[in-house]
Visitor: 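Encoded as structure tokens, here's the structure I'll be asking about.
Everything numeric here is computed off the predicted structure, so don't read it as measured data.
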Amino acid sequence: QVQLVESGGGLVQVGGSLRLSCAASGLKFGNYAMGWFRRPPGKKREFVAGIRWSGGSTSYSDSVKGRFTVSRDNAKNMVYLQMNSLKPEDTAVYYCAATLTNSGLNSPTPYNNWGQGTQVTVSS
């Protein structure tokens with residue numbers, strides 16, 4: 001049974017940083033591409049970042065490019081999202097997701113495994 005557990009969310013001031021972690025179990029982690037999505041208050045879920053199974057290729061939404069960095073440690077079954085220069089509009093519940101597909105990572109469609117989410121609140 002695949003399980004994804006996010007951690008590291010919290011309350012941070014504008015301009016601050018947070019590092020989200022996602023622990024994966026019940027899957028052959030190295031075979032999966034991983035994605036980070038978020039759901040801002042009152043809005044739809046949106047893509048944040050994706051990383052292919054090898055970790056050699058990443059993608060980001062325009063809104064976080066240059067501020068967020070996605071990485072993974074296949075030996076530890078972990079994926080991370082380093083978030084810097086946080087803005088109030090980054091406030092959301094953040095989810096990690098896993099897919100065996102290695103393309104189209106900026107859409108939620110190929111992901112069939114999701115975590116429960118972790119809240120990130122950026123105060124001004």
Side-chain angles (χ1 to χ4, degrees):
Q1 179 176 344
V2 176
Q3 190 171 15
L4 303 174
V5 179
E6 302 94 338
S7 62
L11 176 64
V12 64
Q13 292 188 329
V14 170
S17 297
L18 281 175
R19 187 195 196 203
L20 304 184
S21 300
C22 174
S25 59
L27 75 170
K28 197 166 185 179
F29 186 70
N31 289 350
Y32 283 75
M34 301 297 294
W36 285 98
F37 290 77
R38 66 187 182 187
R39 188 187 298 274
K43 297 185 179 181
K44 294 181 179 180
R45 181 176 50 188
E46 62 186 31
F47 170 74
V48 175
I51 185 166
R52 287 175 171 77
W53 60 270
S54 67
S57 178
T58 58
S59 58
Y60 300 91
S61 68
D62 288 343
S63 62
V64 308
K65 198 173 296 182
R67 300 188 297 122
F68 290 12
T69 303
V70 60
S71 61
R72 65 189 294 160
D73 185 338
N74 286 352
K76 296 182 178 179
N77 286 12
M78 297 289 295
V79 62
Y80 307 99
L81 185 68
Q82 178 67 43
M83 307 186 296
N84 298 328
S85 302
L86 284 162
K87 305 176 181 180
E89 51 264 43
D90 294 318
T91 295
V93 178
Y94 283 73
Y95 301 89
C96 73
T99 176
L100 285 169
T101 303
N102 219 26
S103 62
L105 299 184
N106 61 347
S107 166
T109 302
Y111 296 90
N112 50 10
N113 299 285
W114 293 83
Q116 293 301 304
T118 185
Q119 176 70 47
V120 171
T121 302
V122 183
S123 65
S124 56

Visitor: For Pro41 versus Ala92, what's the shortest heavy-atom pair and its separation?
Guide: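 Distance-wise, the nearest heavy atoms are CD-CA, 4.5 Å.
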Visitor: Group every Ile, Leu, Val, Met, Phe, Trp and Tyr by side-chain heavy-atom contacts under 4.5 Å, then state whether Leu81 and Val5 land in the same group.
Guide: no
Visitor: For a 4.5 angstrom cut-off between non-hydrogen side-chain atoms, does Ser61 reach Asn106?
Guide: no
Visitor: Could you list the residues that satisfy side-chain hydrogen bond (donor to acceptor under 3.5 Å, both in side chains) with Gln116, not counting sequence neighbours?
Guide: none
Visitor: Please enumerate all residues that pass ring-ring contact (aromatic ring centres under 6.0 Å, His included) together with Trp114, with sequence neighbours excluded.
Guide: Phe37, Tyr111
Visitor: What's the shortest heavy-atom distance between Gly50 and Val70, and which atoms?
Guide: O-CG1, 3.6 Å
Visitor: Using the rule that Ile, Leu, Val, Met, Phe, Trp and Tyr join whenever any side-chain heavy atoms are under 4.5 Å apart, tell me whether Tyr95 and Val2 fall into a single cluster.
Guide: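 As far as the 4.5 Å side-chain criterion goes, Val2 and Tyr95 are not connected within one cluster.
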Visitor: Distance check, rounded to the nearest 0.5 Å: Ser123 atom OG versus Leu86 atom CG?
Guide: 10.5 Å
Visitor: For residues Gly9 and Leu20, report the shortest heavy-atom separation together with the two atoms involved.
Guide: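 Taking Gly9 first and Leu20 second, the nearest heavy atoms are N-CD2, 3.6 Å.
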Visitor: Would Val64 end up clustered with Tyr80 when hydrophobic side chains under 4.5 Å apart are linked, directly or stepwise?
Guide: no
Visitor: Is there a donor-acceptor contact under 3.5 Å from the side chain of Asn74 to the main chain of Trp53?
Guide: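 Such a contact is found between Asn74 side chain and Trp53 backbone.
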Visitor: Has Arg39 got a side-chain atom pairing as donor or acceptor with Val93's backbone, closer than 3.5 angstrom?
Guide: no
Visitor: Could you tell me whether the side chain of Glu6 and the main chain of Cys96 form a donor-acceptor pair under 3.5 Å?
Guide: yes
Visitor: Taking side chain as C-beta onward, heavy atoms only, is Met34 less than 4.5 Å from Phe29?
Guide: yes
Visitor: Does Asp90 form a salt bridge (charged side-chain N to carboxylate O under 4.0 Å, His left out) with Lys87? I'd like the steps, not just the answer.
Guide: CA-CA 5 Å; Asp90 294 318; Lys87 305 176 181 180; over 6 Å; no
Visitor: Using 0.5 Å steps for rounding, measure from the CG atom of Leu18 to the CE atom of Met83.
Guide: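 Output value for this atom pair is 4.5 Å.
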Visitor: Answer yes if Trp36 and Val120 sit in the same cluster of Ile, Leu, Val, Met, Phe, Trp and Tyr residues linked by side chain heavy atoms under 4.5 Å apart, and no otherwise.
Guide: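 Same cluster: Trp36 reaches Val120 through Ile, Leu, Val, Met, Phe, Trp or Tyr contacts under 4.5 Å.
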Visitor: Rounded to the nearest 0.5 Å, what separation is found between the CZ atom of Phe68 and the OG atom of Ser17?
Guide: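 The distance works out to 9.5 Å.
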Visitor: Same cluster or not: are Leu27 and Ile51 linked, directly or through other Ile, Leu, Val, Met, Phe, Trp or Tyr residues, by side-chain heavy atoms under 4.5 angstrom apart?
Guide: yes
Visitor: As an exercise, state the distance from CG of Leu100 to CG of Asn113, rounded to the nearest 0.5 Å.
Guide: 8.0 Å
Visitor: Which value, rounded to the nearest 0.5 Å, describes the distance between Ser71 atom OG and Gln82 atom CD?
Guide: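 Ser71 atom OG to Gln82 atom CD measures 8.5 Å (nearest 0.5 Å).
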Visitor: Atom OG of Ser63 and atom CD of Glu89: how far apart are they, to the nearest 0.5 Å?
Guide: 8.5 Å
Visitor: Under 3.5 Å, side chain of Thr91 to main-chain N/O of Val122, donor-acceptor pair present?
Guide: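 Yes, because the side chain of Thr91 sits within donor-acceptor range (under 3.5 Å) of the backbone of Val122.
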Visitor: Ignoring hydrogens, what is the shortest heavy-atom contact between Arg52 and Ala33? Give both atom names and the distance.
Guide: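 For Arg52 versus Ala33, the nearest heavy atoms are CA-CB, 4.1 Å.
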Visitor: Search all heavy atoms of Leu4 against all heavy atoms of Ala24 and return the closest pair with its distance.
Guide: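 Nearest heavy atoms, Leu4 then Ala24: CD2-CB, 3.5 Å.
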Visitor: Is there a donor-acceptor pair closer than 3.5 Å between any side-chain N or O of Thr99 and the backbone N or O of Pro110?
Guide: yes
Visitor: Could you pull out the closest heavy-atom pair between Phe47 and Leu105, with the gap in Å?
Guide: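 In terms of heavy atoms, the two residues are closest at CE1-O, 3.3 Å.
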